Amino acid sequence: MKASQYLISTLKEVPSDAEVASHILLLRAGFIRKIASGIYNWLPMGFRVLKKVEAIVREEMDASGALEVIMPVVQPGELWEESGRWGKYDEGLLVKFNDRHQRDFCLGPTHEEVITELARNELRSHRQLPVNLYQIQTKFRDETRPRFGLLRAREFVMKDAYSFHLDESSLDETYQVMHDTYSRILDRLKLEYRAVLADSGSIGGNASMEFHVLADSGEDVIAFSSSYAANLEKAESIIPEAETADPLPRTQVDTPGMHTINEVASFLKVDATRTVKTLIIKADNEDSGLGLVALVLRGDHQLNEVKAAHLPGLSTPITFANDAEVHAATGADPGSVGPVDLGLTCYVDHSAAALSNFVCGANQNDVHLTGVNWQRDVPAYQVADLRNVVEGDESPDGQGKLTFKRGIEVGHIFQLGKKYSDPMKATVLDDNGKAVTMMMGCYGMGVTRLVAAILEQYHDNRGMVWPTIVAPFHVIIIPINAHKSPEVAKVADDLYRKLEAAGIEVLLDDRDGHRPGAKFADAELIGIPHRLVVGDRGLSDGVIEYANRSSGESEHLPVGDVVTRLTEWVNSDR
RNA sequence: CGGGGUGUAGCUCAGCCUGGUAGAGCACUGUCUUCGGGAGGCAGGGGUCGUGAGUUCAAAUCUCGCCAUCCCGACCA
């Protein structure tokens, strides 16, 4: 490709609405342009990369035995009524509209309903199973907060696969195949990543793992030890040994103006780990004790809302009671609430439940209790895992301690079971001629998100540094003063033709009106792995200057060796 | 959806506090010089100052509403 005939839309300045590296670089290098919040155009240079990422995903999915289909972006509301998600799926995310006949439709945020409809019509016999169908499609989710460019867009490209099975063991098998396939895709993209245990969220189901590309800009925190890795929202806390200190008498103390754990702890000169905090949460119905429940955590711990949402009787998403409701239920304002004589259903985190002689609010403003003990002072309560693990916690599998890293979720695999096949009556006949509801698995991978995730790991202060396998071009040729030197023009053009003939993707920067400095800067910004500079200087010695974008190293190559060497380098790397 | 910030030329921003003929750099067009790390001169084109009200003789500037957009929190590939 000749640059003079291509669209290179680089920006010298950083667009004001971008903060993370991938977003800034995608805009500056002219890969994408925003058309509305979370909605982007892809320019030619960016589209080349997107297509390459897509191709790798497709190759590995095909190799796994999955079959590619394409489903519509627009989906009938009826199907969502059938699965029960029309009114239940996060209202904000689902964009609904009517056609001219006033029938309900939505823009597909995901395709479980459509695929299940497809499967129940096409799959009739157990002999057709298992089958794994996938597509690479544009999704639309009206995210509450699109951000970071491609990392959280509203319109994005996703690879989603759905598998159908007669029984659980078959589902397990495909689930494992998808796990391996995802690992292969991320390996080929040269990404540093982790597969972690995950909560299955609103899509539902049993087993579930996320694939995270490690990056400081990641929105998720993952907790891991040598042999365990989980999303923070899923990571289990270990159950500590109960303390066995002799119970002290329960004592009421005045704590004027002390509301936060830190204030109370330093006022009473105790460690925050000796205190307990009590959060008042709305229940999912009004008849359980004023419609509220209490969650009790050790003072230094944080509530894990995902874990809490799994408790029976709580509103989801978790909603905190407001100050007036707290006061009405406990007789005190938040900050002075505690589990003693509370009169609400009380869930206590393991770590808080292990304490003895602890400090808590007295349900009376500006008063706390010390020497509080479970059983004696709080006879009725239930113990559960409610908190976020913290760095240094024992790993739940007993192997070492947990450390944290941030990750970008690029893939998520689920075992759905019969969550959709059951309400939508997707059955096949088994070998006894009996109708059996199919088991389903579902496997998502964010393709556009992957493009950004790669950039988060592959950039430097000059711009993008693409791994060869997804680079928009493999080689860029920059002729110096070609307008003056017929020799330079001829050699550059000759190399260009020969490299193309060798199957290398070459960009020849033959743009008039751009001086060498500008071309160098563009080449580095766009992140083309190999750069050849053709100038009189080198030609007089019979060499071409070569520079590697990733290592920054350069060397002189004899003109005659260039095609062989480049072909070798590029092919060994893709 | 809660909290905060920002809307002036294609991009980055100044002007607003203290109301009085809309600016700079980059980009773009023409032209000359230049050509190994984002060149320089000359001549140009381009903005109903997000939007709607209000105050005023007069509003980019002051007031209120709305919209858009970005950032921090709850959701997801």
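Atoms considered below: every heavy atom in the structure, side chains included; atoms not considered: hydrogens, waters and symmetry mates. As the structure is a prediction and not an experimental result, all values here were calculated from the model. Below, chains carry the letters A, B, ... as their sequence lines are ordered, and counting in each starts from 1.
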To the nearest angstrom, the CG-P distance between A:Asp17 and B:U69 comes to 10 Å

The Watson-Crick or G-U wobble partner of B:G36, with both key distances under 3.5 Å, is none

Please confirm whether A:Lys51 makes a cation-pi placement over A:Trp42, using NZ or CZ under 6.0 Å from the six-membered ring centre and within 45° of the ring normal. no

Discussion item. Using a 4.0 Å heavy-atom cut-off, does A:Pro15 contact any base of the nucleic acid, only the sugar-phosphate backbone, or nothing at all?
Written reply: sugar-phosphate

When all nucleic acid strands are considered with a 4.0 Å heavy-atom cut-off, which category describes A:Lys139: base, sugar-phosphate, or nothing? nothing

request  = Compare side-chain N and O positions of A:Ser37 against OP1 and OP2 of B:A68 and report whether any pair is under 4.0 Å apart.
outcome  = no

### Message
Once hydrogens and angles are ignored, does a donor-acceptor distance under 3.5 Å link the base of B:G38 to the side chain of A:Asp522?
### Response
yes

Whole-Å distance, A:Lys34 NZ to B:C11 P, equals 10 Å

Tell me whether the side-chain N or O atoms of A:Arg449 pair up with the base of B:C76 as donor and acceptor below 3.5 Å, since no angle test is needed here. yes

| query | Across the strands shown, which category fits A:Gly535 at heavy-atom distances under 4.0 angstrom: base, sugar-phosphate, nothing? | reply | base

Self-check item: Distance, P atom - from B:A68 to B:U29, rounded to whole angstrom
Solution: 35 Å

ask   = Looking only at atom C1', what distance separates B:G2 and B:C16, rounded to whole Å?
value = 30 Å

query = Any salt bridge between A:Glu524 and A:Arg549, counting N to O under 4.0 Å?
reply = no

Mate of B:U56 across any strand shown (Watson-Crick or G-U wobble, both atom pairs under 3.5 Å) is none

Taking the basic N atoms (NZ, or NE/NH1/NH2) and the acidic carboxylate oxygens, is any pair closer than 4.0 Å for A:Asp510 and A:Lys2? no

Applying the 3.5 Å cut-off to both distances, the Watson-Crick or G-U partner of B:A43 turns out to be B:U29

* Taking the same atom, P, in B:C11 and in B:G47, what whole-Å distance lies between them? -> 14 Å

**Prompt:** Below 4.0 angstrom, N of the basic side chain to O of the carboxylate: do A:Lys405 and A:Asp216 qualify?
**Reply:** no

From CD of A:Glu112 across to P of B:C76 the rounded distance in Å is 12 Å

By the 4.0 Å heavy-atom rule, please label A:Phe148 as base, sugar-phosphate, or nothing. sugar-phosphate

Whole-Å distance, A:Asn41 CG to B:G10 P, equals 17 Å

What does A:His514 touch in the nucleic acid at a heavy-atom separation under 4.0 angstrom: a base, only the sugar-phosphate, or nothing?
nothing

N or O in side chain of A:Arg515 less than 4.0 angstrom from B:A39 OP1/OP2 = yes

Answer for the Watson-Crick or wobble partner of B:C66, both distances under 3.5 Å, is B:G50

- Item | Distance test, side-chain N/O of A:Arg511 to OP1/OP2 of B:G38, below 4.0 Å | no

Could you work out the separation of B:C17 and B:A60 based on their P atoms and round it to a whole Å? 12 Å

Hey, does the side-chain of A:Thr448 have a donor or acceptor N/O within less than 3.5 Å of a partner on the base of B:A77?
no

Inset, instruction - Could you tell me whether A:Glu155 and A:Arg141 make a salt bridge, using a distance below 4.0 angstrom between a side-chain N and a carboxylate O? - result: no

Taking any heavy-atom pair under 4.0 Å as a contact, classify A:Val14: base, sugar-phosphate, or nothing.
sugar-phosphate

Could you check whether the rings of A:Tyr6 and A:Phe473 sit parallel, tilted or perpendicular, using 30° and 60° as the cut-offs? perpendicular

By nearest-heavy-atom nucleotide on RNA chain B, the more 5' of A:Ala518 and A:His483 is A:His483

Taken to the nearest whole Å, CD/A:Glu545 to P/B:G36 is 13 Å

Check your understanding: How would you label the contact of A:Arg28 with the nucleic acid (heavy atoms, under 4.0 Å): base, sugar-phosphate, or nothing?
Key -> base

Out of B:G37, B:A77, B:G25, minimum distance to the side chain of A:Arg462 belongs to B:G37

Plane angle bin for A:Phe105 and A:Phe97 - parallel if under 30°, tilted between 30 and 60°, otherwise perpendicular: parallel

In whole angstroms, the gap separating C1' of B:U69 from CD of A:Glu143 amounts to 17 Å

Looking only at B:A77, B:G38, B:C1, the nucleotide nearest the A:Leu525 side chain is B:G38

- Item | A:Arg194 charged N/C atom sitting above A:Phe224 aromatic ring, 6.0 Å / 45° | yes

| said: I'd like the P distance from B:U21 over to B:A58, given in whole Å. | reply: 15 Å

Rounded distance in Å between the P positions of B:G50 and B:U12 | 15 Å

(Q) Heavy atoms only, 4.0 Å cut-off, all strands: where does A:Asn231 land among base, sugar-phosphate and nothing? (A) nothing

So, with a heavy-atom separation below 4.0 Å from RNA chain B, the residues of residues 152-160 of chain A are A:Arg152, A:Ala153, A:Phe156, A:Met158

When rounded to whole Å, the CD1 to C1' distance for the pair A:Ile477 and B:G36 reads 17 Å

* Asked: How about A:Tyr546 and A:His556: are their ring centres within less than 6.0 Å of each other?
  -> no

Here the distance between atom P of B:G38 and atom CD1 of A:Ile478, to the nearest Å, is 13 Å

As its Watson-Crick or G-U partner within any shown strand, both distances under 3.5 Å, B:G73 has B:C1

Assert: residue with more 5' nearest nucleotide on RNA chain B, out of A:Phe211 and A:Ala521, is A:Ala521

Between A:Tyr443 and A:His179 (judged by ring centroids, cut-off 6.0 Å), do the two rings come close enough to count as a pair? no

OP1, OP2 of B:U12 versus side-chain N and O of A:Ser16: anything below 4.0 Å? yes

Original post:
What do the steps show when you test A:Glu60 against A:Thr181 for side chain to side chain donor-acceptor pair (under 3.5 Å), and what is the final call?
Top reply: CA-CA 6 Å; A:Glu60 294 299 333; A:Thr181 298; 5.9 Å; no

- Item | Distance between C1' atoms of B:C28 and B:G10 (Å, rounded) | 8 Å

For B:A24, the nucleotide meeting Watson-Crick or G-U wobble distances (both under 3.5 Å) is B:U12

Worksheet item: OP1, OP2 of B:C72 versus side-chain N and O of A:Arg145: anything below 4.0 Å?
Response: yes

